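These notes are about the structure you will find just below.
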Amino acid sequence: MSDSFLNELNPIQRQAVENTKGPVMIIAGAGSGKTRVLTYRIAHLLNSGVDAFNILSLTFTNKAAREMKERIHKIVKGSEASNLWMGTFHSVFARILRFEAEKLGYPSNFTIYDTDDSKSLIKTILGEMQLDDKIYKPSLVLNRISNAKNNLISAAQYLAQAEVLEEDRQAGKPKLGLVYEAYEKRCFKASAMDFDDLLFKTNVLLKKYPEILYKYQQKFRYILVDEYQDTNFSQYLIVKKLAAMYQNICVVGDDAQSIYAFRGANIQNILNFEKDYPELKVFKLEQNYRSTKTIVQAANSVIRNNKEQLKKVVWTDNVVGERIRLLKASTDNEEATLVANGIFDLRMNMQLPNSDIAILYRTNSQSRSMEESLRKRGIPYRIYGGLSFYKRKEIKDLLAYCRLTINPNDEEALKRVINYPARGIGKTSLEKIIVAAGQHGKSLWDTIEGMALYRPLNGASAQKVIDFVTMIKSFQHGLKTASAYDLAMHIARSSGLLKELGIDKTPEGISKHENVLELLNGIQEFVHTLPESDDEVAERTLDVFMQDIALLTDADENEKEDPNRVSLMTIHAAKGLEYPAVFVVGMEENLFPSQLSLNSREELEEERRLFYVAITRAEKYLTLSSATTRFRWGQVTHSEPSRFLEEIDPSLLDIPVASEPKGFLDFSSDRSDFGGFTPRNTSSTLKTKSAKPQELNPIQPLKGFTPLKKINPDTPQNPNIKSTFIADDVSKLQTGMEVVHERFGPGKVINIEGRTGELKATIFFQEVGQKQLLLKFARLKINE
DNA sequence: CTGTCCTCACTTTTT
DNA sequence: GTGAGGACAG
């Protein structure tokens, strides 16, 4: 058994990997090889004989979990790695809760309510309590409930706290606690848990049943938590309890990248970790392997403005690299055009594939203008997040039928489909059912199933509801016998859903129909896929398929499509990812930082950390763009440049020269003789500016100074060399010639093709490998 | 009860 | 500009 991979680590990383006993905290700066340390640590545990079943690894997103699993598979041979418990907090504890559900009075097939379900239920409750949903805005109410749950305050405890009630009274929402209470009851009656419940109920379970706690303490002897800075109190306590016996707990985090406080994440968890475990070992990973010096320094100069942070010095041995480019546009559409042009130039001049490029924004709504400009330019792209596949109406409709079949008590699913497709059960009927259910303390389903007993409706409407009940029951027969696909297809057909969608021949209607078919396809794939690990449920029935659906965010169904696409996503979604070239768009006050964050220092600091995350996604090229006017909620609004721009050390920026008449807006004007991504300034300014960052950086350790080693292709060249790049030179170019490229360094021409003016050369560079270059853009120097 | 038209709120960020 | 939800007529 070889641990040779350990040699790939630097001394601190290696210590962080090898100290597997006892509590460990790894403070990992951006780009410091955190994921590598985590994966190697797990691999090292497995190689030293720890059973995969005894390792619990918690991540923040499904994507992160998936990636880590893949990487571990690559290092550890055999199928052992499949047995790791690795996933998000929510998915791991949902799994445990399903196993232990009866202890809490839940069936193991409980539904997981997503945010829409929760809001819809709150609206229903507000209606019943005759509260104005303008005052009790469902999203705010849900927020408040969510906060309570994340701090382990039940409805009963909420109602028992005088100050909390007073707070609500002050805010003009005195009944909020009662809404919480009703919500809690309704979820329970519907056999449903919302996202926060998955953590809350886990806490309840572990507290109420010491023997269950003991069982999982024994099982999870080694616990690893990624993105620890983003955990909330509820998650913190679960981890603390599980780790209490063996104390083999390793948390990894970076306080500078904490961007989920809005959802209850608590930086204190990372700051207090030391108090919880006195013999804690702390490892600080401060060397950044990802980005250029310029980018690292820019990030440092921004984050320096935050008051609350752990002492940490992120530095890098990498090259200085390009300066950060600023784009200023007059409108959001122009901004998008500039970004698309910038991407075009990067592909041309730096030979970057689309997949090396990402556009990051603060809000999902900003994606639209970007999409348009990319489409115009013919640049393929992929949007991450946004309206995910599983959030589309038609998908939710079919899933609601499936949910109802599995758990008929699921109130939100029932409300969603009882009259869709329309079957004559309208609002009035539904209201009568809800009232009757409330009176008898039954779920909606129990009320309509026992129509004869509870009599919520009479005559024709009653008959329609009875028919609906009969239909759902017929679906239920398939649960144990039919495969997930057969049953789902049967449901889609007999419910009338497919027919309904087939009628609509508008492009949107067709797309909806296709989406449902795609979901059915996905279910079929599931049926044909074998369980990954030993303890995964082996049956391929519908209820197994549905278990984790609510916890899925982005559908990675599209993997089959062209992978060479530009990525578009929110900065939040970009966390943990890295791209050679990054565009951060919408650098404007009231957008980034968000208007809603300007009330408090804490919130502003979170926005700043978000900007820090955005900057540190970039490896080589970073572009920040803004617009002076922007279309927002149907109106043109004026906006000022973001304050964050001023926080970047100006010497790191490629600031458009004022005297240049709007020229900098136009990427394409003279790119033929001047690489589009090259600083435009005169050579004298370039010289002084490129020299400055190193001198200025006060926190750069001495070793960070790159000694005069071999010429690095990424180091900005002395602009005076430019004069030797004469176009005539290029025309003389022939196969076999030795050339020097400004960025790729020395290379040899392998092939030349194309017609004059569009000549394309294939060149093998010693340092970066083979590239295809358009000669009119590539500034090549022929070596004679 | 159904379908259409109109109004209005909407833009933080995610499990 | 858009999508959800309410008002209203059939």
Side-chain angles (χ1 to χ4, degrees), chain A residues 58-65 87-94 112-116 118-120 123 127 133-134 137-139 142-143 146 149-150 193-200 227 230-232 234-235 258-265 332 360-369 372 384-388 390-393 419-431 457 460-461 464 508 548-554 569-576 586 588 590-599 603 606-607 609-611 613-614 630-637:
Chain A
L58 296 166
T59 59
F60 204 67
T61 61
N62 296 307
K63 209 195 289 170
T88 63
F89 272 90
H90 290 85
S91 68
V92 164
F93 295 113
I112 298 173
Y113 274 177
D114 68 12
T115 311
D116 286 346
S118 298
K119 273 188 200 159
S120 155
K123 271 184 211 162
D133 65 2
K134 297 258 157 46
K137 287 184 68 179
S139 54
L142 181 59
N143 229 339
S146 170
K149 283 186 184 167
N150 286 335
M193 294 195 199
D194 66 16
F195 286 140
D196 304 310
D197 280 333
L198 296 176
L199 307 172
F200 182 88
E227 309 283 12
D230 287 329
T231 53
N232 59 37
S234 186
Q235 292 165 321
S258 158
I259 53 174
Y260 285 97
F262 73 92
R263 162 181 136 181
D332 46 351
L360 309 181
Y361 34 77
R362 180 65 181 80
T363 64
N364 276 309
S365 57
Q366 287 166 261
S367 71
R368 189 173 306 164
S369 57
E372 245 168 60
Y384 287 81
L387 229 206
S388 95
Y390 295 102
K391 286 207 171 119
R392 288 162 208 241
K393 183 188 177 300
N419 196 33
Y420 181 81
R423 51 174 72 86
I425 307 171
K427 211 178 148 200
T428 329
S429 300
L430 185 59
E431 252 159 36
L457 301 165
S461 356
K464 286 172 187 157
E508 301 87 58
D548 296 325
I549 282 294
L551 299 172
L552 292 181
T553 40
D554 57 84
M569 68 189 91
T570 64
I571 302 167
H572 282 89
K575 183 146 128 181
E588 295 145 38
N590 295 328
L591 180 60
F592 194 19
S594 154
Q595 202 164 2
L596 297 157
S597 73
L598 300 179
N599 305 319
E603 282 172 293
E606 174 143 323
E607 294 283 307
R609 291 193 295 269
L610 194 55
F611 186 43
V613 169
R630 181 172 293 277
F631 232 71
R632 284 230 264 177
W633 48 115
Q635 273 198 337
V636 177
T637 52

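Small disclaimer: the values here were computed from a predicted structure and weren't measured. Letters A, B, ... are given to chains in the order of the sequence lines, protein chains preceding strands, and every chain is numbered from 1.
- Using a 4.0 Å cut-off between a side-chain N of Lys or Arg and a carboxylate O of Asp or Glu, A/K123 and A/D133 do not qualify as a salt bridge.
- A straight line from NZ of A/K119 to C1' of B/dT14 spans 12 Å, rounded to a whole angstrom.
- With B/dC10, B/dT14, B/dT15 as the candidates, the nucleotide lying closest to the side chain of A/H90 is B/dT15.
- The interatomic distance linking A/K427 (NZ) with B/dT2 (P) rounds to 13 Å, in whole Å.
- Distance from the side chain of A/A422 is smallest for B/dG3 among the nucleotides B/dT15, B/dG3, B/dT14.
- Nucleotides of DNA chain C lying under 4.0 Å from heavy atoms of chain A occupy a range whose first and last members, 5' to 3', are C/dG1 to C/dG5.
- Across the interface with DNA chain C, nearest-nucleotide mapping of A/Q635 and A/D133 shows A/Q635 to be the residue nearer the 5′ end.
- Positionally, the nearest nucleotide of DNA chain B for A/T428 lies more toward the 5' end than for the other of A/T428 and A/T115.
- Among the protein residues, A/Y260 comes within range of the sugar-phosphate backbone only, with heavy atoms under 4.0 Å from sugar or phosphate atoms but none that close to a base.
- Note on ring orientation: taking the six-membered ring where Trp is involved, the planes of A/F60 and A/Y260 are tilted (angle from 30° to 60°).
- For the pair A/D116 CG and B/dT14 P, the interatomic distance rounds to 14 Å; values are reported in whole Å.
- Within the 3.5 Å criterion, the main-chain N or O of A/D197 finds a donor-acceptor partner in the side chain of A/D194.
- In this structure, the nucleotide among B/dA9, B/dT11, B/dT15 sitting nearest to the side chain of A/T88 is B/dT15.
- Contact annotation: A/S365 side-chain N/O to B/dC10 OP1/OP2 distance is not under 4.0 Å.
- In this structure, A/F262 packs face-to-face on the six-membered ring of B/dT13, meeting both the 5.5 Å centre cutoff and the 30° plane limit.
- Residues A/L58 and A/T231 are not in side-chain contact: their nearest non-hydrogen atoms beyond the backbone lie 4.5 Å or more apart.
- The residue A/K393 sits apart from the nucleic acid: no heavy atom pair falls under 4.0 Å.
- At a threshold of 4.0 angstrom between heavy atoms, the contacts of A/F60 are confined to the sugar-phosphate backbone, with no base atom among them.
- Closest to the side chain of A/H572, out of B/dT15, B/dT13, B/dT2, is B/dT13.
- Considering only residues two or more places apart in sequence or on other chains, A/K393 meets the side chain to side chain donor-acceptor pair (under 3.5 Å) condition with A/D397.
- No contact: A/K464 has no heavy atom under 4.0 Å from any strand.
- The CG atom of A/D196 sits 13 Å away from the P atom of B/dT15 (whole-angstrom rounding).
- The nearest whole Å value for the distance from the CG atom in A/L58 to the P atom in B/dT15 is 15 Å.
- A donor-acceptor contact shorter than 3.5 Å links the side chain of A/T637 to the backbone of A/R630.
- Across the protein-nucleic acid pair, A/I571 atom CD1 and B/dT13 atom P stand 11 Å apart, rounded to whole Å.
- Side-chain N/O atoms of A/N364 include one lying less than 4.0 angstrom from OP1 or OP2 on B/dT13.
- Between the CG atom of A/L596 and the P atom of B/dT13 there is a distance of 10 Å, rounded to whole Å.
- Contact annotation for A/S461: no contact, since no heavy-atom pair falls under 4.0 Å across all strands.
- Rounded to whole Å, atom P of B/dT14 lies 19 Å from atom CD1 of A/I112.
- Summary of the strand contacts: A/E603 and A/G424 both lie near DNA chain B, and taking for each the nucleotide with the nearest heavy atom, the more 5' one is attributed to A/G424.
- Using modelled atom types, one side-chain atom of A/H572 and one backbone atom of A/I259 make a donor-acceptor pair closer than 3.5 Å.
- In this view, A/D116 and A/K396 satisfy the salt bridge (Lys or Arg N to Asp or Glu O under 4.0 Å) rule, not counting sequence neighbours.
- Nucleic acid contact for A/S597: none, since no nucleic acid atom lies under 4.0 Å from a heavy atom of the residue.
- Here the nucleotide nearest the side chain of A/A573, chosen from B/dT15, B/dT14, B/dC10, is B/dT14.
- Applying the 4.0 Å criterion to OP1 and OP2 of B/dT2, one finds that A/N419 has a side-chain N or O inside that range.
- The backbone N or O of A/S597 sits nowhere less than 3.5 Å from a side-chain atom of A/E607 that would complete a donor-acceptor pair.
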